[in-house]
Amino acid sequence: MHSEGIFIVPRSAKGKTPLIISMHGGGGSPEVALFNGGSNYRDMVRGAVKRGFLVYAPQHLFKADGYPKDIRRQIDDRMRLIGTSITAVEIAKITYAIDELIKRPDVDASRIGMVGLSYGGYYTQVTPAIDPRIKVSVSSCYFGVQEGRYAKEELSVPSDFRFMNRMTLFNDADLVALICPRAHQIQAGSRDNASHRETGKQIAPRAAEFYERLNLSDRFEHVIFEGGHEFNDKAAWAFVEKYL
């Protein structure tokens, strides 16, 4: 296995500098998120650079020239035959990339954040839940989507979003419990498809309770912003800068 992505060092960076993992969405790529930043990614990559953060934007498997359209599902099926999944492998790719990046003299290992849109929002739920080195995270346009699908039709949840006890012990609110007390923001667009917003609104209060019990309510935000299926720069970077 190998992992690849785009690593960016701002010209203004001096000495130990915070690192942001910026995770693209389904069918996307680091290049799309970076060079077409005027699309729904907005400043998800460039915003971090503008603020002087180092950025690592990983590449995950969605489309590949010369391969079947359902290559992601095929790879997931093969992974499950040997006791793992594409989600587990792609989380490992991020965490192993962090292992390597923190060896660099310019990376501040104590100040790592993660942001992601859509599918990238999914990975920004599951990766911080597993890797405590990620101190602040912003999951945009994903929270509650699979819970909504499951409520309508149990088997409508795509295979790469399925894992043991997904809807009992490890739904999206439970994953927030694994992130707590580290700072976590959830975003949803007011004009996005209802499936990417409404169920999230229902389960967000339960996620917030984990922080409330520790008197750390300010470290969790559920933001409904004016917009569609897009990354909200204003809310995200204010939150990241506050906690990183």
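Keep in mind that the numbers below use all heavy atoms, side chains included, and drop hydrogens, waters and symmetry copies.
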Legend entry - Within the 6.0 Å centroid threshold, strictly below: Y119 and F62: yes

Legend entry - Of all pairs that satisfy ring pair (Phe, Tyr, Trp, His ring centres under 6.0 Å), the ones with a partner from residues 68-89, not counting sequence neighbours: none

Inset, instruction - Describe, in one word, how the ring planes of F161 and Y122 are oriented to each other, choosing from parallel (under 30°), tilted (30 to 60°) and perpendicular (over 60°). - result: perpendicular

Inset, instruction - Given side-chain hydrogen bond (donor to acceptor under 3.5 Å, both in side chains), test N193 with S195 step by step and report yes or no. - result: CA-CA 5 Å; N193 292 334; S195 62; 4.9 Å; no

Inset, instruction - Give a yes-or-no answer on whether the side chains of S217 and E212 include a donor-acceptor pair shorter than 3.5 Å. - result: no

Inset, instruction - Using only heavy-atom distances, determine whether the side chains of D233 and Y41 contain a donor-acceptor pair under 3.5 Å. - result: no

Legend entry - Closest heavy-atom pair and its distance - A129, I179: N-CG1, 3.7 Å

Inset, instruction - Consider only side-chain N and O atoms of S29 and H24, and report whether a donor and an acceptor are under 3.5 Å apart. - result: no

Legend entry - Main-chain N/O of E153 paired with S156 side-chain donor or acceptor, under 3.5 Å: yes

Legend entry - pair R166-E147: side-chain heavy atoms closer than 4.5 Å: yes

Inset, instruction - Would you give the length of the straight line joining atom CZ of R182 to atom CZ of R133, rounded to the nearest 0.5 angstrom? - result: 11.0 Å

Legend entry - Donor-acceptor pair between Q187 and H222 side chains, under 3.5 angstrom: no

Legend entry - CD1-CG distance between I134 and L244, expressed to the nearest 0.5 angstrom: 11.0 Å

Inset, instruction - Specify the closest pair of heavy atoms between T95 and D131, including all atoms of both residues, with the distance to one decimal. - result: CG2-OD2, 3.4 Å

Legend entry - Distance-minimising heavy-atom pair for M167 and V157: CE-CG2, 4.1 Å

Legend entry - Check: S159 main-chain N/O paired with R73 side-chain donor or acceptor under 3.5 Å: no

Inset, instruction - For the pair H196 and H229, name the ring-plane relationship: parallel under 30°, tilted 30 to 60°, perpendicular over 60°. - result: perpendicular

Inset, instruction - Flag the pair Y123 / H60 as yes when their ring centroid distance falls below 6.0 Å, and as no otherwise. - result: yes

Legend entry - Exercise: identify the closest heavy-atom pair between E230 and F225: O-CZ, 3.1 Å

